[in-house]
There are 2 protein chains.
Amino acid sequence: MSEAITQSIQDYLKHIYELNEYGGSASTNDLAARLNIAPASVTGMLQKLASTKSPLVIYKKHQGATLTKNGEKAALEVIRHHRLLETFLVNTLGYSWDEVHHEADKLEHVISEDFEARMAEALGHPTRDPHGELIPTADLTMPADESCPLASLRTDETATVRRVSDDDPALLRHLREIGVVPEVKIVVKNYSAFDGNLTIKVEGQKANIVLGTAVTSQVFVDK
Amino acid sequence: MSEAITQSIQDYLKHIYELNEYGGSASTNDLAARLNIAPASVTGMLQKLASTKSPLVIYKKHQGATLTKNGEKAALEVIRHHRLLETFLVNTLGYSWDEVHHEADKLEHVISEDFEARMAEALGHPTRDPHGELIPTADLTMPADESCPLASLRTDETATVRRVSDDDPALLRHLREIGVVPEVKIVVKNYSAFDGNLTIKVEGQKANIVLGTAVTSQVFVDK
DNA sequence: AAATAAATTTAGTCTCACCTAAATTTATTT
DNA sequence: AAATAAATTTAGGTGAGACTAAATTTATTT
């Protein structure tokens, strides 16, 4: 029988997947930071995950981790759970978008496939969660995402906000307040080469606002 | 800082509470059977739970376990979660009453107090779950329950079904089929002293039915 | 290219919650 | 009351998943 995919393994896979999305390979240190675990512990787990009959992870010393096909399926399963749960909590229990992440992080490991299917059905098979993040399909493929960081835009460019990072409640409350939410149109009024600040005009808001890279790197847009 | 109440401790407390409801003290063996754990392991855990600064459990060698005030509060918290979840799954996601137990057993350890409060609100602060079992109140007291086992009734007695045990899906499907569900009235037509069988007439059903003690001990009624 | 800094791995421990096998205690028969 | 059976506890062990401290490897400066 194949090795059990425990909750903590699910967490490793999820974060390796997310780190792979940009950086290529997921480094020991980055994983440790995301998982709130000592780097030494991460090394141990990666070695273990990479050395089973049909491994979930590909791992080379000092070069970080990547997912195998199986590992990726398992990761997408967890991510699908997470994003459906966030949508469900907002739509059905009246959570606001900054409150759902922590709850979904716990529930994602525990719900059954039946629960997943019933949620998807009840929600009308949504393709994005409340933060605009794409929900992996029931057959565990991740839809293509064209969006780029708001931080990469320059003066006079126009774009539509597609998604925002879901893991910082304070940031989410701020974004809600200034109207930077999915599907809203923005125009870049100014780019400051010194600090990377962007001055933008948000559709439906009167005043321009200035955002630092701490914010603009977490907001993703389609041009 | 007080000792963490882990998932497995929550399970111990829940089952000690339920065993205390009838039998007085919860025996090592009964607990082991309910938890699907070796008796030796139960002894170890009970010793541990009974020997902290402010213990959750009272335990004397060879005499089983009881809950302290704190232990009882913790147990009722879990039971409240479980029964609210069962109600929520049935009302909101269309589960049938035989499908919810297992899902609730996993979720009960994971949801936040906020989740609990939102569910209670969304459901209109129900007092019973779909099986008729009483839901502990938000301040963690268990409402009084007057009901007695159907098995204790005799010929010509009349009663109202109040609750049924929720942990055997096959039994639940059978009860649903024969109409033995909460709030239904029944009349005992015959009692057989040999095997304990009861012949009953269920309100709204044409034919009488005969039930063995495997069933009648799991159904609770008010006379 | 050597020196320093940063990232990573090794080695050795710890806790939790379980296990089995054997010993002991309590309960039940004969 | 002794013998047997059942329940419980003791003793010793395991695996998962974390930890720290020290060693090593890779990357970055000077």
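In the text below, chain A, chain B and the rest are named by the order of the sequence lines, each starting its count at 1. Keep in mind it's a predicted model, so treat the numbers as computed, not measured.
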With sequence neighbours excluded, what pairs up with [X] under the side chain to side chain contact (heavy atoms under 4.5 Å, CB included) test?
X	result
B:Ala170	B:Asp168, B:Arg173
B:Asn36	none
A:Thr43	A:Thr28, A:Gln47, A:Tyr59
A:Glu121	A:His125

By nearest nucleotide on DNA chain D, pick out whichever of A:Pro39 and B:Thr28 is the more 5' one.
B:Thr28
Quick one: salt bridge (charged side-chain N to carboxylate O under 4.0 Å, His left out) pairs with a partner in [range], sequence neighbours left out?
range	value
residues 136-152 of chain B	B:Asp145-B:Arg163
residues 104-113 of chain B	B:Lys14-B:Asp105, B:Lys14-B:Glu108, B:Glu103-B:Lys106
residues 74-94 of chain B	B:Arg80-B:Glu116, B:Arg83-B:Glu133

How does DNA chain D read in dot-bracket, base by base from 5' to 3', with Watson-Crick or G-U pairs under 3.5 Å and | used when the partner is on another strand?
||||||||||||||||||||||||||||||
With heavy-atom distances below 4.5 Å as the criterion, would you say the side chains of [X] and [Y] are in contact?
X	Y	result
A:Arg34	A:Leu19	yes
A:Asp195	A:Ser192	yes
A:Leu107	A:His81	no

Bounded by its outermost nucleotides with an atom under 4.0 Å from a heavy atom of chain B, the footprint on DNA chain C reads C:dA17 to C:dT26
Mind calculating the distance between [atom1] ([X]) and [atom2] ([N]) to the nearest angstrom?
X	N	atom1	atom2	answer
A:Gln7	D:dG17	CD	P	10 Å
A:Asp11	D:dA16	CG	P	17 Å
A:Ile5	D:dG17	CD1	P	12 Å

With sugar-phosphate meaning primed atoms plus P, OP1 and OP2, does B:Ser41 contact a base, only sugar-phosphate, or nothing at under 4.0 Å between heavy atoms?
base
Would you call the rings of B:His131 and B:Trp97 parallel, tilted or perpendicular if under 30° counts as parallel and over 60° as perpendicular?
parallel
Which residues, if any, of residues 55-68 of chain B bring a heavy atom under 4.0 Å of DNA chain D?
B:Tyr59, B:Lys61, B:His62
Note: contacts of residues 42-51 of chain A with DNA chain D (heavy atom, under 4.0 Å) are A:Met45, A:Lys48
Are A:Ser96 and A:Asp98 close enough that a side-chain donor and a side-chain acceptor fall under 3.5 Å?
yes
What's touching nucleotides 12-15 of chain D from the protein side, N or O pairs under 3.5 Å?
none

Expected output: side-chain B:Thr216 to main-chain B:Gly212 donor-acceptor under 3.5 Å:
yes
What do the steps show when you test B:Asp222 against B:Val161 for side-chain contact (heavy atoms from CB on, under 4.5 Å), and what is the final call?
CA-CA 7 Å; B:Asp222 276 2; B:Val161 174; over 6 Å; no
Nearest heavy-atom contact between A:Asn70 and A:Pro55 is CB-O, 4.4 Å
